[in-house]
Amino acid sequence: MKICAISDTHGQHRSLQIEKSDILCIAGDISPLNIQGRKSEIITWLKTDFLPWCKEQPVDKVFITFGNHELAVSHIEKEVLSLGDSKIEFLVNSGTEYNGYKIWGSPMSNKFGNWAYMYPEAEQIEIFRTMPDNTDILIVHGPPYNACDICLQHPYGNTNHLGNLALSIVMEEKKPKITLCGHLHTGRQHEKLYGVYDVYNVSVLNEQYEIFREPLYLEI
């Protein structure tokens, strides 16, 4: 199965060229920055722009989770989830199966500031533990602690690990085969957590919100 994976498009999805794939996985922060907190405008944008674009892509199925910039979405989540259809499936701390593969998605990231889908660590651990064992594809907004979680570009560039410790703890328990994340735009694109679990940062924008990466493609 061929996977196309992207994250952190922030409304710039139409700048991307998606190759024919079996599935498209989107790891959150889809909302344009200028309307990210406006409920009615986000719904209109989803209906008239983002979701039609998803349907146009040369893939059989699109799996989407959200991210910390989905401020409006987090307050009207039920209405947004109702916009899914046979091609588009939203995964918000939930999972599904596709062609025999277990797929689970979460919009969570480690807590800082007053953003969407950020909960205390203990609560995040309990939510992550609802993920099935040996999940094939984990789509999560924030990276785990110690994999793809160092920003490499100004103004955030440093050597500090900024990932989600709750996720790292549960990944060791649940053993997902592939983890697709974003959130830290210029994190390394591929690292192995604990030297074992493949983690891919699939953000397409840099820290200045400019396109700097192509979509990632994987075969499983």
Side-chain angles (χ1 to χ4, degrees), residues 1-33 45-67 69-70 80 83-92 94-107 135-144 147-149 152-153 176-193 197-220:
M1 182 170 72
K2 183 177 180 179
I3 302 167
C4 175
I6 60 175
S7 183
D8 298 85
T9 51
H10 293 283
Q12 299 186 52
H13 49 282
R14 292 190 178 273
S15 298
L16 303 175
Q17 295 295 319
I18 305 298
E19 295 178 6
K20 183 172 176 57
S21 304
D22 293 293
I23 63 174
L24 170 61
C25 299
I26 304 176
D29 275 5
I30 60 174
S31 299
L33 295 175
W45 172 79
L46 286 167
K47 289 179 177 178
T48 62
D49 187 341
F50 183 72
L51 296 180
W53 176 84
C54 288
K55 292 179 182 179
E56 293 165 4
Q57 299 315 302
V59 301
D60 295 327
K61 190 82 174 180
V62 182
F63 297 102
I64 305 169
T65 195
F66 302 128
H69 279 271
E70 265 68 75
V80 173
L83 301 178
D85 59 20
S86 60
K87 182 166 182 172
I88 298 171
E89 187 166 355
F90 296 103
L91 299 176
V92 182
S94 61
T96 188
E97 287 199 12
Y98 179 76
N99 285 354
Y101 293 96
K102 291 185 286 186
I103 305 172
W104 198 86
S106 174
T135 288
D136 294 292
I137 304 169
L138 169 59
I139 309 168
V140 60
H141 185 56
C148 300
D149 69 334
L152 303 177
Q153 187 183 59
K177 294 180 177 63
I178 293 173
T179 298
L180 306 172
C181 63
H183 186 47
L184 304 177
H185 294 186
T186 56
R188 291 186 179 90
Q189 194 163 38
H190 176 224
E191 293 188 312
K192 286 183 178 286
L193 182 66
Y197 307 110
D198 284 301
V199 179
Y200 297 88
N201 183 321
V202 297
S203 300
V204 295
L205 303 187
N206 61 19
E207 307 301 346
Q208 286 75 45
Y209 294 89
E210 303 163 333
I211 296 284
F212 91 121
R213 276 183 185 151
E214 297 294 326
L216 180 74
Y217 296 93
L218 298 169
E219 293 274 358
I220 62 171

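Since the model is a prediction, treat every value here as computed from it, not as a measurement.
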- Query: CG of Asn99 to CD1 of Ile220: how many Å apart, nearest 0.5 Å?
  - Reply: 10.0 Å

- Query: What residues form a side chain to side chain donor-acceptor pair (under 3.5 Å) with Glu191, not counting sequence neighbours?
  - Reply: none

- If only atom types and distance count, is the side chain of Asn201 paired as donor or acceptor with the main-chain N or O of Pro143 below 3.5 Å? no

- Distance-only, no hydrogens or angles: does the Thr96 side chain make a donor-acceptor pair with backbone N or O of Ile103 under 3.5 Å? no

- Determine which pairs satisfy salt bridge (charged side-chain N to carboxylate O under 4.0 Å, His left out) with at least one residue from residues 210-220, sequence neighbours left out, and list them in order. none

- Note on the structure: Correct closest heavy-atom pair for Gln12 and Ile211 would be OE1-CG1, 4.0 Å

- Between CD1 on residue Ile6 and OH on residue Tyr217, distance to nearest 0.5 Å: 9.0 Å

- Query: Can you name the one residue among His69, His10, Glu70 that meets side chain to side chain donor-acceptor pair (under 3.5 Å) with Ser31?
  - Reply: Glu70

- CG of Leu24 to NZ of Lys61: how many Å apart, nearest 0.5 Å? 12.0 Å

- Student check: side-chain heavy atoms of Val204 and Ser15 closer than 4.5 Å: no

- Kindly indicate whether the side chain of Leu180, heavy atoms from C-beta on, has any atom under 4.5 Å from the side chain of Leu218. yes

- Message: Check this for me: Gln17, atom CD, are more than 12 non-hydrogen atoms of other residues, nucleotides or ligands nearer than 6.0 Å?
- Response: no

- Message: Below 30° counts as parallel, above 60° as perpendicular, anything between as tilted: where do the rings of Trp45 and Phe50 land?
- Response: parallel

- Task: Kindly compute the distance separating CG (Asn206) from CG (Leu152), expressed to the nearest 0.5 Å.
- Result: 11.5 Å

- Note on the structure: Interatomic distance, CD@Glu56 vs CZ@Arg14, rounded to 0.5 Å, equals 5.0 Å

- Those residues at least two apart in sequence (or on a different chain) that pass side-chain contact (heavy atoms from CB on, under 4.5 Å) with Pro58 are Ile18, Lys20

- Query: Given the rule in the side chain to side chain contact (heavy atoms under 4.5 Å, CB included) test, do Val202 and Cys25 qualify, once you have shown the distances and angles that lead to the verdict?
  - Reply: CA-CA 10 Å; Val202 297; Cys25 299; over 6 Å; no

- Message: Using a 3.5 Å distance criterion without hydrogens, assess whether the side chain of Gln153 forms a donor-acceptor pair with backbone atoms of Thr186.
- Response: no

- Item | Asp29 and His183: CA distance, side-chain angles, deciding distance, side-chain hydrogen bond (donor to acceptor under 3.5 Å, both in side chains) verdict | CA-CA 7 Å; Asp29 275 5; His183 186 47; 4.7 Å; no

- Euclidean distance, Ile137 CD1 relative to Ile23 CD1, rounded to 0.5 Å: 4.0 Å

- Task: Could you walk me through whether Ile30 and Leu46 pass the side chain to side chain contact (heavy atoms under 4.5 Å, CB included) test, one step at a time?
- Result: CA-CA 10 Å; Ile30 60 174; Leu46 286 167; 4.1 Å; yes

